[in-house]
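Structure, as structure tokens:
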There are 2 protein chains.
Amino acid sequence: MIEQVKKTSIKDIARESGVAISTVSHVINNTKFVADGTREKVMKAINELHYRPNLIARGLRTKSTRTIGLLLPDISQPFFAQVVKGIEAVARLRNYTLIMGCAFYDIEEEKRQLNSMLDQNTDGIIFFCGYDSYDHIKRVHDSNIPVLVLDREIDNKDIPSVLVDNFAAMEKAVQYLYDLGHRKIGYITFPFENQTTIRRRYEGYCSALKKNGLKYNPDFVIIDDQMRLQELKGTYAVIKQKVEEKKIPTAIITLADFLAIGAMKAVKEFGLAVPDDISIMGFNDEMICAFSDPPLTTVKQPKKLMGETAANLLIDIIERKKIENKNIILDTEIVKRETTAPPPIAKK
Amino acid sequence: MIEQVKKTSIKDIARESGVAISTVSHVINNTKFVADGTREKVMKAINELHYRPNLIARGLRTKSTRTIGLLLPDISQPFFAQVVKGIEAVARLRNYTLIMGCAFYDIEEEKRQLNSMLDQNTDGIIFFCGYDSYDHIKRVHDSNIPVLVLDREIDNKDIPSVLVDNFAAMEKAVQYLYDLGHRKIGYITFPFENQTTIRRRYEGYCSALKKNGLKYNPDFVIIDDQMRLQELKGTYAVIKQKVEEKKIPTAIITLADFLAIGAMKAVKEFGLAVPDDISIMGFNDEMICAFSDPPLTTVKQPKKLMGETAANLLIDIIERKKIENKNIILDTEIVKRETTAPPPIAKK
DNA sequence: ATGAAAGCGCTAACAC
DNA sequence: GTGTTAGCGCTTTCAT
């Protein structure tokens with residue numbers, strides 16, 4: 001049978017160095033002055049016995065675990081993974097441990113995991129994306145556990161947040177296509193009843209049309225749920241059908257790059273050239289965008305920065321640093337590549 | 001100043017329901033028979049006060065935290081993220097919490113994070129990929145903390161592992177190209193001094209050449225480090241140069257899909273058609289493979305399954321279940337798409 | 001400058 | 001069937 005080797009504890013160090021437990025604690029934590037000689041004896045014992053404080057015991061005592069919880073929809077999606085990279089980097093740098101859970105847009109699952117993180121006494125929690133849902137977040141916030149919402153809009157400005165201005169980003173993108181000469185601009189999105197970030201992009205699209213005197217044409221707008229879990233395949237299938245119905249705008253902008261890449265494949269199979277016959281634009285600036293054929297014009301979200309900003313803000317709050325602004329909005333930028341060009345008519 | 005609301009503890013439940021603390025503990029954990037009436041009273045109090053056991057306190061007492069640590073190179077790389085998805089799913093299902101750290105192939109960083117996980121008393125640790133390095137893993141294993149290596153070969157069969165047979169996989173892939181008629185088969189890889197998984201693929205490549213009486217031609221083999229951190233861009237740059245030197249095989253196989261996609265772009269820019277002039281083959285079967293232009297032939301690693309298998313095996317070990325085989329090898333399979341075809345000469 | 005001891009919330013051995 | 005209590009490893013108050 002496996003037998004756990006007993007780890008050395010603060011007691012062992014105290015005995016070994018001939019001082020009291022509390023003294024050892026004070027040299028470890030620098031929490032009181034300890035005479036040089038004593039300190040050295042203690043350090044010697046610590047090194048010799050390879051002592052490392054038990055964080056669980058410390059956590060029980062201090063109520064601080066130096067742990068942050070991260071709730072997100074799905075780590076396997078590149079956008080999420082890249083943001084998480086930023087969070088992880090800062091957590092590590094600032095000496096926090098990251099606990100991660102994926103909820104796959106299931107709000108009950110999210111709550112379940114939230115509870116299990118709370119049970120672990122995480123020092124703070126990041127709600128990264130996921131469906132809109134307010135109550136459970138507010139409840140945690142109200143019980144004075146630091147929380148932060150990342151890429152997930154909620155009205156309550158009391159709750160710290162890190163967001164991108166999705167509305168402005170999409171408005172800018174559509175404006176870019178308009179300025180290129182496009183007047184039939186299509187939009188592809190998931191349904192967005194429960195996801196404000198996605199709805200904001202849609203509203204940005206609508207707003208840009210309006211600003212430029214363009215009429216909203218439902219034939220050019222695809223709102224479909226089958227794309228959500230299968231961004232590439234789903235979009236491909238949906239576009240295939242749309243193209244057959246001959247309802248084709250001169251430019252399509254999508255909610256996310258993978259939708260754009262799926263769309264591009266479908267469109268090309270119908271003999272349409274990108275961007276000569278139709279312009280296509282994505283959103284996110286995934287790594288792959290530079291290597292699609294042709295390389296995809298897109299809107300860049302500062303993924304790593306989003307993660308870093310969120311982690312830093314949350315940890316600042318946990319550590320009760322002074323916060324100037326707890327609702328941070330990050331900028332996006334259009335990355336022009338080769339899938340966008342003036343429409344065919346304009347060129348003639 | 002923020003004031004933590006005191007959480008309700010087992011004591012509160014005992015008082016509220018008029019029983020002893022230990023009784024409450026027993027109803028929570030089903031660890032002794034408790035009379036129905038008493039149990040009900042306790043449950044009532046638990047529900048009314050929304051009591052949830054403090055896992056930190058329990059962990060201190062029981063030495064079990066229901067937590068598993070995961071050390072990996074970089075969560076932002078799709079391959080890793082997809083495997084992690086499998087790990088996370090199983091951990092969640094079996095009621096374990098996942099602690100994650102990225103070490104970016106820095107062995108010192110890996111050790112640092114390992115230590116911090118150990119400090120947190122994780123019940124087990126998964127070493128997922130990363131550079132070869134044995135000692136720190138062995139040390140943990142020897143101190144009877146469950147560990148598992150995933151996609152990271154080490155000789156010691158005492159240490160549980162989940163691997164893919166990289167040697168056989170690459171051999172099969174090269175054989176596939178050979179059978180298509182190719183006799184000049186190139187290979188693109190990172191250097192592999194410290195990474196057995198990557199070296200195995202290379203050895204599989206060499207072995208397949210040999211088996212078929214082909215001579216190893218250094219002109220067709222690219223081993224370059226700049227591709228590691230910038231798989232797409234790096235490969236693109238490297239290939240660009242190679243093609244200029246006119247050292248072009250009729251088929252190229254790569255260590256990873258992104259290398260293949262970078263290579264494809266470079267090759268196409270030189271006016272070479274894929275697969276008519278040159279066949280290209282990747283490794284991993286990333287989601288994007290089906291949507292590159294043309295869709296990429298590749299070797300599929302069972303990413304999610306790797307994660308699930310690893311998590312299940314580790315947890316089985318943690319829970320001291322009976323293990324039949326603690327060194328699991330998973331199969332790969334060739335996914336034929338449209339970047340491979342007989343070589344131009346063979347077609348004439 | 002150092003030590004003794006209480007107590008964080010829980011489990012489990014033991015007593016009744 | 002239920003209660004009492006020691007103790008997990010640590011921090012922190014209070015004495016000395």
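Convention: sequence-line order gives letters A, B, ...; per-chain numbering from 1. Everything numeric in this text was worked out from a predicted model, so none of it was measured.
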Got more than 12 heavy atoms from elsewhere within 6.0 Å of CG, D155(B)?
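At most 12 heavy atoms, drawn from other residues, nucleotides or ligands, come within 6.0 Å of this atom.
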Please check if atom NZ in K44(B) has more than 12 non-hydrogen atoms from other residues, nucleotides or ligands closer than 6.0 Å.
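Not buried by this count: 12 neighbours or fewer within 6.0 Å.
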Are D151(A) and V83(A) close enough that some pair of their side-chain heavy atoms sits under 4.5 Å apart?
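No - every pair of side-chain heavy atoms lies 4.5 Å or more apart.
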With no angle test and no hydrogens, is the base of dT12(D) tied to the side chain of K32(A) by a donor-acceptor pair under 3.5 Å?
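There is none.
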Show your reasoning for whether side chain to side chain contact (heavy atoms under 4.5 Å, CB included) applies to V149(A) and S161(A).
CA-CA 5 Å; V149(A) 294; S161(A) 60; 3.4 Å; yes
Please pick, from dT2(D), dT13(D), dG1(D), the nucleotide with the shortest atom-to-atom distance to any side-chain atom of V34(B).
dT2(D)
Passing option when H136(B) is tested against K111(B), E110(B), H141(B), E108(B) for side chain to side chain donor-acceptor pair (under 3.5 Å)
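The option that passes is E110(B).
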Encode nucleotides 7-12 of chain C as B, S and - characters from 5' to 3', where the letter depends on protein heavy atoms closer than 4.0 Å: B to the base, S only to sugar-phosphate, - to neither.
BBBBBB
Nucleotide dT11(D), atom P - distance to CD1 of I13(A) in whole Å
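My rounded result for the distance is 13 Å.
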